[in-house]
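A short worksheet on the structure shown next.
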Amino acid sequence: MAKYTREMILQMAEEEDVEFIRLQFTDMFGTLKNIAVTSSQLEKALDGECKFPGTAVKGFPGSEEPDLYLYPDPDSFVILPWRPQQGKVARMLCDVCRADGTPYEGCTRSILKSFLREAREMGYYFYIGSECEFFLFQTDEDGTPTTNTPERAGAFDLGPIDLGENARRDMVLTLEDMGFQVESSYHEMAPGQHEIDFHWAKGIAAADSLMTFKFAVRMIARRHGLHATFMPKPKTGVPGSGLHLNFALYDRDGRNVFYDENDPLKLSADARYFMGGLLAHTRGMSAITNPLINSYKRLVPGYEAPVYESWSTRNRSSLIRVPDARGKHTQVELRSPDPAANPYLALTVCLAAGLDGIRNHTVPPEPVEQEPGAMSEAERQRLGITALPTTMGEAIAALEEDVFIRRVLGDDFIRRYLDAKKAEWKEYMPQVTEWEVEKYLYRI
């Protein structure tokens with residue numbers, strides 16, 4: 001059921017003295033964009049009459065579709081707490097549509113909504129909890145971001161060692177002012193690294209929350225003179241930042257589909273099939289869930305990030321972990337995605353892969369409680385444990401080979417996405433890094 005109607009939005013804007021409305025949308029690669037209108041144009045915006053040139057946005061169409069239209073989601077209306085309290089600023093998240101009002105196939109929010117409709121028709125309802133890590137770094141005298149932090153805090157440390165404590169508290173309070181439920185926040189393992197975890201959200205709201213989260217965190221960090229980055233691995237020698245996604249699946253009667261009280265692990269066959277689907281398509285999904293060249297600097301041994309395709313109920317470095325909670329709280333956690341991913345795309349491919357496993361009764365291997373990296377290669381082969389892609393080049397090839405993931409996102413979308421990623425990989429490959437110069441210049 002909708003939270004807000006068109007009339008309620010107009011009334012709230014008038015009563016709250018909203019003068020400026022940001023119509024936000026997401027491009028193919030997860031970058032938040034916006035067109036701003038004044039309150040005098042709000043009715044026009046709510047009617048889907050605000051347009052923009054699609055040619056100006058990466059991954060959007062060429063000259064054959066010059067104008068695209070924004071259709072705001074009234075339920076996403078929120079007043080931005082950090083803006084002036086007189087002549088307030090609000091925002092609404094939008095779907096991108098063609099002139100006739102039909103969803104544009106390059107709109108990643110619409111792609112996820114379409115998939116969720118199919119899942120509902122099958123009788124499934126998804127809830128997703130996200131755990132997002134990020135770094136807070138200093139800026140220089142010109143306000144340019146650096147990778148410097150004066151702190152030496154580690155996991156769960158607090159002030160005065162945790163120098164980002166005040167900024168993180170403001171982030172949480174701001175998100176709660178915007179109507180989001182934050183479960184917890186704390187300092188992560190690396191100096192300057194933090195995590196904020198969201199309460200479960202249903203369907204599209206989970207991806208909307210992540211987009212809003214990143215937007216708000218960056219804004220609040222700047223007010224503290226800091227730069228917040230969701231780059232997966234901004235520094236060598238420290239843990240990278242992950243986006244752990246916790247999935248729960250419910251039926252029409254509100255029962256958790258993943259729970260079975262008669263199973264030794266209290267996991268249903270569908271829970272195992274769901275994990276089987278994720279494992280079957282993880283390599284094909286990697287270019288979506290780990291979309292940067294830098295993403296693969298995080299997926300290396302030694303930092304609790306997953307490196308091999310396995311699942312576990314205990315091992316926190318496994319690709320998939322099943323937390324201890326059971327009953328209505330039974331969930332499956334995927335630990336490979338990183339916060340650079342477009343959340344609409346990442347949720348689409350992950351949920352689709354899991355449902356594909358349920359449809360096809362894809363049985364996963366037995367759980368592996370031992371650290372796969374500590375095994376011999378022969379032992380991993382015996383257990384059927386394969387490695388995740390180690391480079392963007394490998395991830396691109398895996399996506400090209402995964403017919404199912406390509407079909408989920410559509411051939412035209414995948415073609416444009418792969419073209420962009422291949423161009424990025426081609427640009428990166430001839431680069432000479434500081435590591436290479438330091439390693440070889442004086443010896444060779």
Side-chain angles (χ1 to χ4, degrees), residues 131 133 154-157 186-191 193 195 232-247 263-267 271-272 274-287 289-290 292-326 330-339 350 353-354 357 362-395 397-398 435 439:
E131 304 169 14
E133 298 167 344
F156 309 113
D157 279 337
Y186 47 90
H187 196 285
E188 257 292 349
M189 296 179 67
Q193 189 182 34
E195 178 169 325
K233 187 83 167 186
K235 299 187 75 170
T236 302
V238 300
S241 292
L243 172 62
H244 301 161
L245 297 174
N246 298 274
F247 303 112
D263 181 75
L265 293 177
K266 307 300 181 185
L267 295 175
R272 295 173 189 271
F274 188 90
M275 290 188 287
L278 288 175
L279 289 167
H281 296 291
T282 293
R283 289 183 61 83
M285 298 189 304
S286 290
T289 57
N290 306 87
L292 305 182
I293 289 168
N294 180 256
S295 296
Y296 300 89
K297 308 294 177 71
R298 167 182 163 255
L299 302 178
V300 295
Y303 298 101
E304 286 195 359
V307 178
Y308 297 97
E309 298 177 15
S310 64
W311 73 278
S312 170
T313 59
R314 300 187 188 92
N315 188 349
R316 297 190 65 86
S317 64
S318 290
L319 172 66
I320 298 172
R321 186 176 74 94
V322 182
D324 292 335
R326 290 294 185 270
T330 307
Q331 57 189 281
V332 170
E333 178 188 22
L334 183 66
R335 298 176 56 82
S336 58
D338 66 56
C350 290
T362 305
V363 179
E366 289 300 305
V368 178
E369 305 301 352
Q370 182 185 353
E371 167 56 51
M375 300 177 182
S376 67
E377 181 62 32
E379 189 173 6
R380 285 195 293 268
Q381 288 182 359
R382 181 178 62 81
L383 294 173
I385 299 173
T386 55
L388 294 171
T390 59
T391 67
M392 176 57 76
E394 288 183 27
W435 181 89
K439 186 78 172 176

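For the numbers below, each heavy atom of this structure counts, side chains included, while hydrogens, waters and symmetry mates do not. We're numbering straight along the sequence, starting at 1.
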Test of understanding: with side chain to side chain donor-acceptor pair (under 3.5 Å), list the residues that count as partners of Asn315, not counting sequence neighbours. Ser317
Do Lys233 and Leu292 touch side chain to side chain, with heavy atoms closer than 4.5 Å? no
Going from CZ on Phe156 to CD on Glu195, what distance comes out if it is rounded to the nearest 0.5 angstrom? 8.0 Å
I would like to know whether Leu319 and Leu388 meet side-chain contact (heavy atoms from CB on, under 4.5 Å); could you show each step before the answer? CA-CA 9 Å; Leu319 172 66; Leu388 294 171; 4.2 Å; yes
Residues which pass side chain to side chain contact (heavy atoms under 4.5 Å, CB included) with Asp157, listed by chain and number, not counting sequence neighbours: Ala153, Ile161
Gap separating the CZ atom of Arg321 from the CG atom of Leu334, nearest 0.5 angstrom: 12.0 Å
So, for Gly242 and Pro339, which heavy atoms are closest and what is the spacing to 0.1 Å? C-CD, 3.6 Å
Going by the rule salt bridge (charged side-chain N to carboxylate O under 4.0 Å, His left out), which residues pair with Glu188 if we only count those two or more places apart in sequence or in a different chain? none
Can you pull out every salt bridge (Lys or Arg N to Asp or Glu O under 4.0 Å) where at least one residue sits in residues 299-314? Sequence neighbours excluded, please. Arg314-Glu369
For Val238, give me all partners under side chain to side chain contact (heavy atoms under 4.5 Å, CB included), at least two apart in sequence or on another chain. Phe135, Ala190, Lys235
Could I get the full list of side chain to side chain donor-acceptor pair (under 3.5 Å) partners for Gln193, not counting sequence neighbours? Ser241
Salt bridge (charged side-chain N to carboxylate O under 4.0 Å, His left out) filter on Glu377, not counting sequence neighbours, yields Arg380
Return the minimal non-hydrogen interatomic distance between Cys350 and Phe247, and the atom names on each side. CB-CZ, 3.6 Å
Kindly write out the residues that satisfy side chain to side chain donor-acceptor pair (under 3.5 Å) with Asp338, not counting sequence neighbours, or none if the list is empty. Asn290, Ser295
If you look at every heavy atom in Ser312 and Ser318, which pair is closest and at what distance? CB-OG, 3.2 Å
Search all heavy atoms of Pro389 against all heavy atoms of Tyr296 and return the closest pair with its distance. O-CD2, 3.4 Å
How long is the straight-line distance from CD1 of Ile320 back to CZ of Arg335, given to the nearest 0.5 Å? 11.5 Å
Please name all residues satisfying salt bridge (charged side-chain N to carboxylate O under 4.0 Å, His left out) with Arg283, sequence neighbours left out, ordered by chain then number. none
So, using side chain to side chain donor-acceptor pair (under 3.5 Å) as the criterion, who are the partners of Arg326 when residues are at least two apart? none
Is the closest side-chain heavy-atom distance between Glu333 and Glu131 below 4.5 Å? yes
Those residues that, when tested against Arg298, pass salt bridge (charged side-chain N to carboxylate O under 4.0 Å, His left out) (two or more places apart): none
Could you measure the distance from the CE atom of Met375 to the CD atom of Gln370? Nearest 0.5 Å is fine. 4.0 Å
Just jot down the side chain to side chain contact (heavy atoms under 4.5 Å, CB included) partners of Thr236, sequence neighbours excluded, or say none. none
How long is the span from the NZ atom in Lys266 to the OG1 atom in Thr330, to the nearest 0.5 Å? 10.5 Å
Determine the minimum heavy-atom distance between Asp324 and Thr313, stating which atoms define it. OD1-O, 4.2 Å
Closest approach of Leu279 to Pro364 (non-hydrogen atoms, all atoms of both residues): CD1-CB, 3.8 Å
Check: His281 and Thr362 side chains under 4.5 Å, non-hydrogen atoms: no
Rounded to the nearest 0.5 Å, what separates atom CG in Asp263 from atom CZ in Arg272? 4.5 Å
Below 4.5 Å, heavy atoms only, C-beta onward: do Ile385 and Val368 meet side chain to side chain? yes
Determine whether Pro367 and Trp311 make a side-chain contact, defined as any pair of heavy atoms from C-beta on separated by less than 4.5 Å. yes
